[in-house]
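All figures in this text were calculated on a predicted structure; none of them were measured in a lab. For the numbers below, each heavy atom of this structure counts, side chains included, while hydrogens, waters and symmetry mates do not.
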Amino acid sequence: MDLNMIKSDKVMDTRGLAPPMPVVKSRKALKTMKTGKILEIWCTDPEGQQEIPDLHNENGSAYLGCLLDPDGYIRFFIRKGPEGGS
């Protein structure tokens, strides 16, 4: 899958936020989205960069991958899973 071709349904900009805010805000954003929609998360926090991919373990969502943006932050892509998924 070419991540550069993904059309995100929602972008969560967490650049510059201290832990654990990138993960907290991303978790909240996923809860508001419909199944199958794609959340793109922009992150500069090293801890968030380790924890954001694990969000799919909490709710049955799918971690699609990440890209390093030329401006120095990481763009994560998560497809929302079904409510109550595992």
Side-chain angles (χ1 to χ4, degrees):
M1 170 183 285
D2 183 0
L3 297 176
N4 286 304
M5 302 303 291
I6 289 180
K7 168 112 171 70
S8 302
D9 296 293
K10 184 172 191 164
V11 175
M12 175 64 49
D13 185 354
T14 67
R15 294 176 293 178
L17 296 180
M21 293 313 295
V23 172
V24 170
K25 288 185 171 280
S26 298
R27 187 178 289 129
K28 273 186 165 180
L30 278 170
K31 286 182 181 180
T32 67
M33 297 174 69
K34 293 184 180 195
T35 299
K37 298 297 182 183
I38 295 175
L39 174 63
E40 180 176 342
I41 305 159
W42 297 353
C43 185
T44 54
D45 168 45
E47 188 173 317
Q49 292 174 16
Q50 295 172 7
E51 295 176 355
I52 288 173
D54 291 333
L55 286 173
H56 73 281
N57 291 330
E58 297 177 14
N59 60 18
S61 295
Y63 174 67
L64 303 177
C66 66
L67 294 171
L68 179 59
D69 190 87
D71 288 336
Y73 60 92
I74 296 181
R75 297 169 53 204
F76 294 93
F77 299 90
I78 298 177
R79 179 177 289 125
K80 169 71 183 249
E83 294 298 321
S86 55

Would you mind reporting whether Ile78 and Leu30 have side-chain heavy atoms less than 4.5 Å apart? yes
Measuring only between side-chain heavy atoms, which start at C-beta, is Leu67 closer than 4.5 Å to Ile74? no
Are any of the side-chain heavy atoms of Thr14 and Trp42 separated by less than 4.5 Å? no
Sequence neighbours excluded - salt bridge (charged side-chain N to carboxylate O under 4.0 Å, His left out) pairs with any residue from residues 34-55: Glu40-Arg75
Say whether Met12 and Tyr63 are linked into one hydrophobic cluster, either directly or through other cluster members, by side-chain heavy-atom distances under 4.5 angstrom. yes
Calculate, to the nearest 0.5 Å, the distance between atoms CG and CG belonging to Leu39 and Asp9 respectively. 9.0 Å
If I compare all heavy atoms of Cys43 with all of Tyr73, which pair ends up nearest, and what's the gap? O-CB, 3.5 Å
Measuring from Thr35:OG1 to Lys80:NZ, what's the distance to the nearest 0.5 Å? 6.0 Å
All ring-ring contact (aromatic ring centres under 6.0 Å, His included) counterparts of Phe77, not counting sequence neighbours: none
Minimal non-hydrogen separation, Ser26 against Pro22, with atom names: OG-O, 2.7 Å
Is there a side-chain contact between Val23 and Ile52 in this structure, where contact means two heavy atoms from C-beta onward sitting under 4.5 Å apart? yes
